[in-house]
Each structure stands twice: as structure tokens, then as C-alpha cells.
Amino acid sequence: MFTPREDENRRLLRARDLIDRSYAEPLDTAALARVAHMSPSHFIRRFRAVFGETPRHYLQRRRVERACALLRITTTPVTDIARGVGYESLGTFGRTFTAIIGCSPTAYRQRVAPVPVPGCFVRRWTRPIGVATLSSFGEARATAAVVSSGS
């Protein structure tokens, strides 16, 4: 029904889905390889060939991505976030986070902290360029017509 390559890719996807679902739990390569029905060394080689990074790096990146989201939206202490995304050691979390993101978790939180401004300003600042020309009320089109006929 499936070619051998398709079957292998489906098994690799199963292992990657397990990482995505259980990133905060202790996962080792041997357990992931069992899910993919491969030997650990073959699993690492094939995972890297298909997804462009080793399973360990993929797991670290997923944990750091989740930590970034928690640092942006919560005031939870960094230590609790580190434990919540699967790191037992705050030092390992900090080193890994800095290697992937380029700054410490605390510096990241300060850099991405929301600015306390009214929502109307945020909507105006984040409005895509050219929205005025897409207005459904017609005033932008009418203004554009007056400007173009006047020149």
C-alpha cells in the first residue's frame, strides 16, 4: 500500500508527533526510535535527513519555543518555566535558551514585554500598509479619484 520510503516517513512523523505532544517529559532517543520501529542510530540519521536536525535538537527547539511563549504571556518565574518545559537544571535551560534565541530568558522577557498603550493605538500601529485603500466605505477610493483627477 505504501512505498518503503513513505512507511519510514510515517514512522518518523509518529516519533516527531510524540516529541511535540510530550516535550516536557523526559524523552530519550531509544524511546523515540522504538516508536519509529528503528534502531537508535538509524533513527537519528533518518530523522536528520528528513527534518534537517537531530531529534535532540528538535526537542530542545520545541522546549525553547514553548518557553518563549510562556515568557511572553505569563509572569511565571523563569525557574518554574524551565521545569515546566522539561528542564531539571536552570543552568542547562539558560545555556540552551541563549544558544537558540541569542539572549537569556530574562533578557528575552524584558525585550518582548508588551508596551502599556491603548488598544486603538496598537491596532493602528499594526494595521497592514495599504488598508486605507481597501476600505469598504469608499472614502479612500473617492479621495484617490479626486487626487488623480486634480493632477
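In this chain, numbering begins with 1 at the start of the sequence shown. Owing to the predicted nature of the structure, the values given are computational and were not obtained by experimental measurement.
Remark: the backbone N or O of H37 is paired with a side-chain donor or acceptor of R11 at under 3.5 angstrom. Judged by distance alone, with hydrogens and angles left aside, the side-chain atoms of R16 form no donor-acceptor pair with the main-chain N or O of F47 at under 3.5 Å. S89 places a side-chain N or O within 3.5 Å of a backbone atom of T92 that can act as its donor or acceptor partner.
Shown here for F97 and A67, the closest heavy-atom pair between the two residues is CE1-CB, 4.3 Å. Contact record, R111 with C103: NH1-SG, 3.8 Å, taken as the closest heavy-atom pair. A pairwise comparison of heavy atoms in T29 and P40 identifies CG2-O, 4.1 Å as the closest pair. Of all the heavy atoms in I19 and L27, the pair that sits closest is CA-CD1, 3.9 Å. Taking every heavy atom of both residues into account, V112 and R72 meet most closely at CG2-CG, 3.4 Å. Nearest approach of L90 to A82, heavy atoms of both residues: CD1-CB, 4.1 Å.
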I would like to know whether Q60 and E53 meet side-chain contact (heavy atoms from CB on, under 4.5 Å); could you show each step before the answer? CA-CA 11 Å; Q60 287 177 334; E53 59 188 339; over 6 Å; no

From CA spacing to verdict: side-chain contact (heavy atoms from CB on, under 4.5 Å), F93, V85: CA-CA 9 Å; F93 171 68; V85 297; 4.2 Å; yes

List the steps, then state whether side-chain contact (heavy atoms from CB on, under 4.5 Å) holds for Y87 with I81. CA-CA 9 Å; Y87 286 95; I81 289 175; over 6 Å; no

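For the atom pair CG (L70) and CD1 (I73), the distance works out to 6.0 Å, reported to the nearest 0.5 Å. Note that OG1 of T76 and CZ of R109 are 6.5 Å apart. Values are rounded to the nearest 0.5 Å. The distance from atom CD1 of I44 to atom CE of M38, rounded to the nearest 0.5 Å, is 11.5 Å. With values rounded to the nearest 0.5 angstrom, R34 atom CZ is found 10.5 Å from L18 atom CG. Here the CG-CG distance, from L12 to L32, works out to 10.5 Å after rounding to the nearest 0.5 Å.
Around the CZ atom of R14, the shell of radius 6.0 Å holds more than 12 heavy atoms that belong to other residues, nucleotides or ligands. Annotation: R46, atom CZ; neighbour count of heavy atoms from other residues, nucleotides and ligands within 6.0 Å is above 12.
Checking T54 against H57 by side-chain atom types alone, a donor-acceptor pair falls below 3.5 Å.
Contact of the L71 side chain with the V78 side chain is registered, since non-hydrogen atoms from C-beta on lie closer than 4.5 Å. Counting heavy atoms from C-beta outward, Y23 and V64 have side chains that stay 4.5 Å or more apart. Taking the side chain as every heavy atom from C-beta outward, F51 and L13 approach each other to under 4.5 Å.
With respect to the salt-bridge test (charged N to carboxylate O, under 4.0 angstrom), the residues E65 and R61 qualify.
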